[in-house]
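Notes for the one structure printed next.
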Amino acid sequence: MKSTVISIIATAILIGGAFMLTKNGGSEPVAVADNVTVVDGKQIIEIQAKGGYQPRKSIAKAGIPTILRFNTNGTFDCSSSVRIPSMDVSQVLPQTGSTDIDLGTQKVATLQGTCGMGMYPFEVSFN
Ligand SMILES: [Cu+2]
């Protein structure tokens with residue numbers, strides 16, 4: 001009986017310790033905005049591309065390495081072609097999938113992007 005209690009306490013300490021390590025490991029995503037997280041010091045901005053871009057406007061942090069991630073899911077319209085002229089980005093997305101575009105470290109500025117035809121706009125503001 002006594003050894004059972006001890007082993008339960010030991011297990012609880014082990015689980016607690018593992019949990020603390022996870023917390024301190026830095027790999028927990030930190031939300032910056034609804035569609036923006038920071039994981040391991042890298043900012044990830046997620047935009048859905050289908051019949052336009054959602055969200056149309058993203059707010060992100062300037063001064064940290066940033067990935068712009070486009071998610072498609074049965075996207076057959078021209079939002080599967082992405083352009084960000086100021087960054088020289090012209091990217092064709094798969095009909096379904098996830099595509100990362102490395103934006104490097106941005107200054108305080110707003111990036112304007114569109115679909116390949118210039119019909120659907122989106123923007124990312126770095127503050
Ligand atoms: Cu278009």
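Every number for a ligand or one of its atoms is a count from 1 in the order of the listing. The structure presented is a predicted model; accordingly, all values stated were derived computationally and were not measured.
- Around the Cu ion (ligand 1), the protein N, O or S atoms found under 2.8 Å comprise Cys78 SG, Cys115 SG.
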Checklist entry - After noting the C-alpha distance and the side-chain angles of Ile47 and Leu68, does the key distance pass the side-chain contact (heavy atoms from CB on, under 4.5 Å) rule? => result CA-CA 8 Å; Ile47 295 178; Leu68 186 54; 3.7 Å; yes
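- A distance-only check finds no donor-acceptor pair linking the side chain of Asp100 to the backbone of Arg69 [under 3.5 Å].
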Show me the donor-acceptor pairs within less than 3.5 Å that the side chains of residues 106-116 make with the rest of the protein, sequence neighbours left out.
{"from": "Gln106", "atom 1": "NE2", "to": "Leu103", "atom 2": "O", "distance (Å)": "2.8"}
{"from": "Thr110", "atom 1": "OG1", "to": "Ser125", "atom 2": "OG", "distance (Å)": "3.1"}

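- Two residues are said to be in side-chain contact when any heavy atoms from C-beta on lie closer than 4.5 Å; Ile45 and Phe126 meet this criterion.
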Checklist entry - So Lys61 and Asn127, side-chain contact (heavy atoms from CB on, under 4.5 Å) or not? Walk me through it. => result CA-CA 5 Å; Lys61 283 189 198 174; Asn127 296 308; over 6 Å; no
Next on the checklist: Set out, in order, the CA-CA distance, both residues' side-chain angles and the distance that settles side-chain contact (heavy atoms from CB on, under 4.5 Å) for Ile101 and Gln91, then state yes or no.
Outcome noted: CA-CA 9 Å; Ile101 296 170; Gln91 179 82 48; 4.0 Å; yes
